[in-house]
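Working notes, beginning with the structure itself.
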Amino acid sequence: MKSTITVILGLSALLAGCAPKLAPGLVGDPARGKIAAAQYACHSCHVVPGVPGSDVRVGRPLDALAQQRYIAGKLPNTQANLVRWIRDPQAIDPGNAMPNMGVSERDAIDISAYLLSH
């Protein structure tokens with residue numbers, strides 16, 4: 001029994017060490033966010049860190065988003081505002097080039113966690 005508990009605790013510690021690192025104060029799953037960014041084809045318009053095929057210059061590069069003070073030059077750069085922007089950019093800045101991609105709230109949270117962790 002003791003050896004089973006030891007194995008479980010050791011495995012849990014090992015898995016915890018493999019989990020993606022989340023920047024302090026952020027919520028969401030950055031690993032899932034990277035996948036979601038690719039699924040929503042963010043790399044069609046943006047350079048997205050770690051997403052292959054994102055060598056385009058339609059939208060701003062997203063590789064240093066965490067260091068930016070504003071999102072789209074309008075919103076203070078917080079995770080909540082980034083989620084709002086990802087989900088409905090036209091509501092924030094009507095007529096801007098970023099289309100509403102129908103991103104779910106969970107996906108937007110995870111994408112924001114990924115982008116703000118780089």
Side-chain angles (χ1 to χ4, degrees):
M1 177 74 164
K2 183 176 180 175
S3 64
T4 302
I5 293 172
T6 303
V7 169
I8 290 172
L9 289 175
L11 186 55
S12 296
L14 178 64
L15 291 175
C18 295
K21 301 296 183 211
L22 192 60
L26 296 180
V27 297
D29 182 343
R32 200 176 165 288
K34 179 180 178 183
I35 294 166
Q39 290 173 333
Y40 286 101
C42 299
H43 61 285
S44 295
C45 296
H46 299 278
V47 172
V48 182
V51 176
S54 64
D55 189 21
V56 294
R57 306 285 181 215
V58 176
R60 69 170 306 288
L62 302 178
D63 56 347
L65 189 58
Q67 285 72 48
Q68 300 299 314
R69 292 184 61 139
Y70 292 95
I71 299 165
K74 293 186 174 277
L75 298 172
N77 190 5
T78 66
Q79 187 176 21
N81 282 339
L82 183 55
V83 169
R84 286 180 48 217
W85 175 258
I86 292 169
R87 294 203 67 212
D88 193 2
Q90 295 300 316
I92 295 164
D93 186 14
N96 82 80
M98 186 163 157
N100 184 337
M101 299 296 292
V103 179
S104 72
E105 184 165 354
R106 177 174 178 195
D107 286 344
I109 290 169
D110 292 340
I111 291 168
S112 69
Y114 177 69
L115 294 175
L116 293 173
S117 293
H118 285 85

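Position 1 is the first residue of the sequence, and the numbers go up from there. What's counted below: heavy atoms across the whole structure, side chains too, no hydrogens, waters or symmetry copies. Only a predicted model underlies this, so the values are computations on that prediction, with no experimental measurement involved.
Between the side chain of Tyr114 and the backbone N or O of Gly28 there is no donor-acceptor pair closer than 3.5 Å. For the pair Lys34 (side chain) and Gly50 (backbone), a donor-acceptor distance under 3.5 Å is present.
Taken to the nearest 0.5 Å, the CD1 atom of Ile86 stands 6.5 Å off from the CE atom of Met98. Rounded to the nearest 0.5 Å, atoms CD (Gln68) and CG (Leu82) are 11.5 Å apart.
With sequence neighbours excluded, the residues satisfying side chain to side chain contact (heavy atoms under 4.5 Å, CB included) with Asp88 are Gln90, Ala91, Asn100. Taking the side chain to side chain contact (heavy atoms under 4.5 Å, CB included) definition, one finds that Arg87 meets it with Val83, Glu105, Ala108, sequence neighbours left out. Checked against salt bridge (charged side-chain N to carboxylate O under 4.0 Å, His left out), Arg84 has no partners two or more places apart in sequence or in another chain. With sequence neighbours excluded, no residue forms a side chain to side chain donor-acceptor pair (under 3.5 Å) with Asn77.
Contact annotation: the side chain of Trp85 never approaches that of Lys74 to less than 4.5 Å [non-hydrogen atoms, C-beta and beyond].
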Practice task
Evaluate the side-chain contact (heavy atoms from CB on, under 4.5 Å) criterion for residues Tyr40 and Ile111: first the C-alpha distance (whole Å), next the side-chain angles of each, then the deciding distance (0.1 Å), finally the verdict.
Solution key: CA-CA 10 Å; Tyr40 286 101; Ile111 291 168; 4.1 Å; yes
Using a 3.5 Å cut-off and no angle test, enumerate the donor-acceptor pairs between side-chain atoms of residues 60-67 and protein atoms at least two apart in sequence or in another chain.
none

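Across Ile109 and Val27, no two heavy atoms sit closer than the pair CG2-O, 3.7 Å. Nearest heavy atoms, Ser117 versus Leu26: OG-CD1, 3.8 Å. Heavy-atom minimum distance, Pro76 versus Ile71: O-CD1, 4.0 Å. Nearest heavy atoms, Ala113 versus Gln79: N-NE2, 3.7 Å. Across every non-hydrogen atom of Pro89 and Pro99, the tightest pair is CG-O, 3.6 Å.
Under the salt bridge (Lys or Arg N to Asp or Glu O under 4.0 Å) criterion, the residue pairs touching residues 109-118 are Arg32-Asp110, Arg106-Asp110, with sequence neighbours excluded.
When the side chains of ILVMFWY residues are joined at heavy-atom separations under 4.5 Å, either directly or via intervening members, Leu116 and Ile35 end up in two distinct hydrophobic clusters.
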